[in-house]
Amino acid sequence: MKITKHIFLFVAIVLFASFSKQDAGIQLQNLRCEMLVNPEGIDVVKPRLSWEITASQRNVQQVAYQILVASTPEKLAANEGDLWNSGKVLSDESIHVKYAGIVLKSKKRCFWKIKTWTNKGESAWSETAFWSVGLLNYVDWKGRWIGLDRSFEWDNESQFARLSARYFRKEFVAKKSIKQATVYIVGLGLYELYLNGQKVGDQVLAPVPTDYTKGIKYNTFDVTKLLQADKNVIGTVLGNGRFYTMRQDYKPYKIKTFGYPKMLLNLDIEYTDGTKETISTDESWKVTADGPIRTNNEYDGEEYDATKEMPNWNKVGFEDKNWLKVQLVQEAGGMFEAQMTENMKVMETIKPVSIKSLNANTYILDMGQNMAGWLRMRVTGKKGDKIGLRFAETLQSNGELFVRNLRDAKVTDVYTLKGEGQETWEPSFVYHGFRYVEITGFPTVPTVENFDGRVVYDDMATIGDFETSNKTINQIYKNAYWGIRSNYKGMPVDCPQRNERQPWLGDRTTGAYGESFIFDNVRLYSKWLNDIEQAQKPDGSIPDVAPAFWRYYGDNVTWPGTYITVADMLYHQFGDQETIKSHYPSMKKWIDYMQDKYLVNGLITKDKYGDWCVPPESLELIHAKDPARQTDGELLASATYVRLLDVMQNFARLLHKSDDIKAFEQSKQAIIKAFNKKFLDSKKGQYSNGTVTANLLPLMYNMIPANEKAKVWKSIVEKVLVENKGHISTGVIGTQWLMRGLSENGRPDIAYTIASNRDYPSWGYMAENGATTIWELWNGDKANPEMNSGNHVMLLGDLIIWYYENVAGIKSSKESVAFKKIVMKPEMIAGLTSAKALYHCMYGIIKSDWKKEGNKFQWNISIPVNTKSLVYLPTNSLNQVTESGKAIASVEGVKFVKAVGNKLILEVSSGNYSFNVN
Ligand code: BGC
């Protein structure tokens with residue numbers, strides 16, 4: 001798999017610094033403000049700045065930095081930091097350094113650069129990077145919300161909602177020569193924006209979804225180059241997204257609806273003479289809903305009638321007298337928030353592998369890969385020809401689409417031709433989860449040349465890569481990669497295909513952590529924590545789905561607890577402490593609420609989902625009925641709650657809240673006591689009914705009395721090896737700790753067996769049976785289609801973490817965060833002869849690439865500048881180790897620490913190293 005490092009590359013190219021006289025090839029790159037690559041219109045007044053240092057030498061550590069922030073590029077070029085000159089700061093910090101200059105106001109444009117000093121010399125000034133401040137205050141917005149609070153005769157507001165897209169236009173005159181023009185847009189549910197006929201930005205399905213009554217995201221664009229002297233036109237198209245929701249007049253108690261699409265837009269123009277003007281939405285705008293997009297519904301699909309196109313509608317001079325006057329409508333309700341996470345984009349375009357005829361009028365297209373996005377189509381035909389594209393994940397044995405697992409989602413795009421030569425089309429406001437597409441009504445015999453698969457998800461870099469000598473593991477990794485990218489949709493959703501696509505908290509409790517090794521998901525998940533906080537009820541209750549488009553306030557522990565574990569992940573993997581600070585009160589509120597309401601006889605009693613989706617006793621079942629496979633809900637809730645108290649206690653330490661530290665400790669100890677009293681069966685050496693999950697959670701959460709630990713561990717091993725013959729028996733909860741639990745307690749070989757199985761139940765079984773993503777159920781090929789998605793990531797548990805941390809051996813040390821200290825410690829597992837991983841952390845690229853041959857072990861590693869690592873080699877004798885052919889004592893950047901058991905520990909500073917153990 002290729003690393004799509006477009007984000008990093010972009011900055012790297014722009015920011016390549018030239019060498020200074022004293023340098024050691026020290027360069028600065030990937031300057032990031034709030035970790036954003038393109039921070040246009042942020043609403044943080046003290047943004048955090050991060051940078052990466054690269055060097056041609058080993059053992060390079062930062063000792064000081066200087067940051068300059070200026071209000072113009074000219075001032076910055078003259079080294080004048082009129083907004084902030086940090087001066088030379090003696091510090092090794094190179095991530096999340098807070099801006100501490102002049103107070104920034106709305107619309108401020110900031111140009112910045114940095115210089116660093118290291119133990120090996122100083123860098124030159126970096127190239128210039130940039131951020132701008134958005135509209136910080138409500139009153140900064142001019143104009144009115146516009147829309148049309150009605151539907152039309154061609155729409156249908158029933159359960160299967162059909163509402164055509166709304167097209168808006170506004171002509172205006174730019175009176176003088178333009179210096180700078182910036183658009184701020186809130187377009188709900190989804191918008192497309194044009195200036196003088198040109199599309200602004202490459203985002204799709206923007207903005208990211210929120211509970212629009214709580215928070216609404218605006219996007220900011222520099223459009224200076226798109227404006228022209230004299231007459232101009234702004235054009236926008238509004239789609240429904242999650243605003244005018246997919247199901248109307250249906251289960252109002254469950255589905256939150258928001259009304260008809262609406263928008264607010266400000267175009268700020270600064271003329272060269274210093275005067276300013278704002279063009280904003282008001283009653284002078286015109287609108288029509290009678291354009292080509294006849295309906296757009298995330299579940300049911302988009303219909304586009306090219307005969308209804310309105311050529312040049314978004315350019316100057318279009319006759320809009322038949323268009324309607326807009327309505328001034330009520331505002332959406334939520335707070336304005338600058339969107340601090342990327343929009344979705346077409347991230348990859350792939351070709352179908354085949355198209356086969358099913359009957360005279362019907363063809364089946366196969367992408368060869370389950371994916372989320374849509375098809376782009378090139379077609380030539382007569383005016384009025386209608387093509388249907390229906391999407392599905394699998395086929396029936398007769399070759400037709402299998403759609404029963406999509407429930408009532410119609411997932412069908414329809415395109416009507418205008419008949420003017422070759423027509424190219426792709427939808428604007430829907431996406432589908434699919435591998436196969438049924439094509440009907442195509443005017444000629446369709447070939448793969450007529451179609452492209454457009455892979456759509458949040459515009460984030462792939463920052464990890466992983467490969468081993470085991471083909472099954474590699475296939476599962478690839479399936480996970482496709483599954484995760486399929487389910488990033490401005491929020492992490494459960495699945496991209498059926499009539500659900502909801503951001504269920506429980507699916508990501510640990511998954512978010514694993515995913516962070518593959519994708520730069522820090523902004524997506526910090527946005528999600530805001531969604532969760534906004535969904536919290538005043539009493540403290542947190543729902544199972546956030547944004548709470550589906551209203552599930554069930555007050556269990558395992559799903560809502562994700563609020564806390566994801567904050568922990570952001571800190572551990574990316575060093576993001578701000579998130580913990582800002583969410584701590586809400587997290588604590590929930591912790592207290594659960595304890596006040598559900599603590600009975602020392603235990604947390606409320607659970608809802610159990611160990612969701614354990615492998616059932618019969619392949620046709622969705623959930624096991626056999627009590628021996630299920631884990632007691634009170635056990636799950638109480639153990640999980642103890643773990644969350646533990647995480648909260650760490651947060652409290654970080655924030656110096658001594659009373660909370662004590663209180664959390666007391667609660668923890670009291671629950672552990674009641675837990676052991678109720679669930680620990682000392683005779684049998686097991687908890688409750690002895691499922692792997694029942695024993696594993698107390699083991700991993702340090703809840704087992706010291707003298708009982710060995711027995712419980714033995715029960716786990718026996719259960720896996722004897723009863724389950726080396727197979728998985730856990731569901732969504734237990735699987736979050738299974739691989740690490742086995743490895744870290746000394747049996748990585750069992751974890752490896754589970755990871756490489758190809759028979760039921762296993763991830764390999766999915767791959768063996770044709771999966772190209774991860775299934776919702778272990779028995780996804782046989783179970784009831786009612787709840788059986790082929791593209792769910794929740795069953796990954798801690799597998800991806802295990803791949804990177806235990807197999808490749810790349811882990812952020814507990815003594816620091818964000819890989820400032822790295823533990824390089826691959827497990828040596830019989831049968832696995834090589835593993836290779838790359839991980840682009842905040843400091844730079846970490847690599848681990850090892851091979852075993854007989855008694856020889858060869859290991860190439862890369863450690864980023866300004867980090868250090870502890871490297872564990874599989875030997876106890878220093879004499880057996882060389883680095884690039886040299887004895888360790890003479891190697892720069894490497895220090896012997898100690899030998900522990902059969903491992904040798906070295907401290908290794910930055911650079912590339914090649915170790916051999918003979
Ligand atoms: C979803 C899951 C979710 C679960 C909880 C399912 O329908 O697809 O991913 O976590 O419900 O009940």
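When a ligand or atom number is given, it counts from 1 through the structure's own listing order.
Of the charged side-chain nitrogens involved, at least one lies within less than 4.0 Å of a carboxylate oxygen, so that D459 and K345 count as a salt-bridged pair. Electrostatic pairing of E500 and R407 counts as a salt bridge here, judged by a charged N lying under 4.0 Å from a carboxylate O.
Listed by number with element, the atoms of ligand 1 under 4.0 Å from a non-hydrogen atom of H792 are 1 (C), 2 (C), 8 (O), 9 (O). Counting atoms of ligand 1 from 1 in the listed order, those under 4.0 Å from a heavy atom of D494 are 1 (C), 8 (O), 9 (O). Using a 4.0 Å cut-off to heavy atoms of M794, the atoms of ligand 1 that qualify are 9 (O). Contact atoms of ligand 1 toward Y609: 5 (C), 12 (O) (distance under 4.0 Å to a heavy atom of the residue). For ligand 1, the atoms lying closer than 4.0 Å to a non-hydrogen atom of E776 are 8 (O). Heavy-atom contacts of W559 reach the following atoms of ligand 1: 5 (C), 10 (O) (cutoff under 4.0 Å). Remark: ligand 1 atoms within the under-4.0 Å shell around heavy atoms of D507 are 2 (C), 3 (C), 9 (O), 10 (O).
The ring-ring contact (aromatic ring centres under 6.0 Å, His included) with H572 is formed by just one residue from the set Y525, F651, F517, Y513; it is Y513.
In this structure, K608 falls outside the shell of residues with a heavy atom less than 4.0 angstrom from ligand 1. Look at R498 and you'll find a heavy atom under 4.0 Å from some atom of ligand 1. Contact between Y552 and ligand 1 is absent, with no heavy atom of the residue lying under 4.0 Å from the ligand.
Checked against a 3.5 angstrom limit, the closest N/O atoms of W612 and ligand 1 fall outside it.
Checked against side-chain hydrogen bond (donor to acceptor under 3.5 Å, both in side chains), D366 has the following partners two or more places apart in sequence or in another chain: R435.
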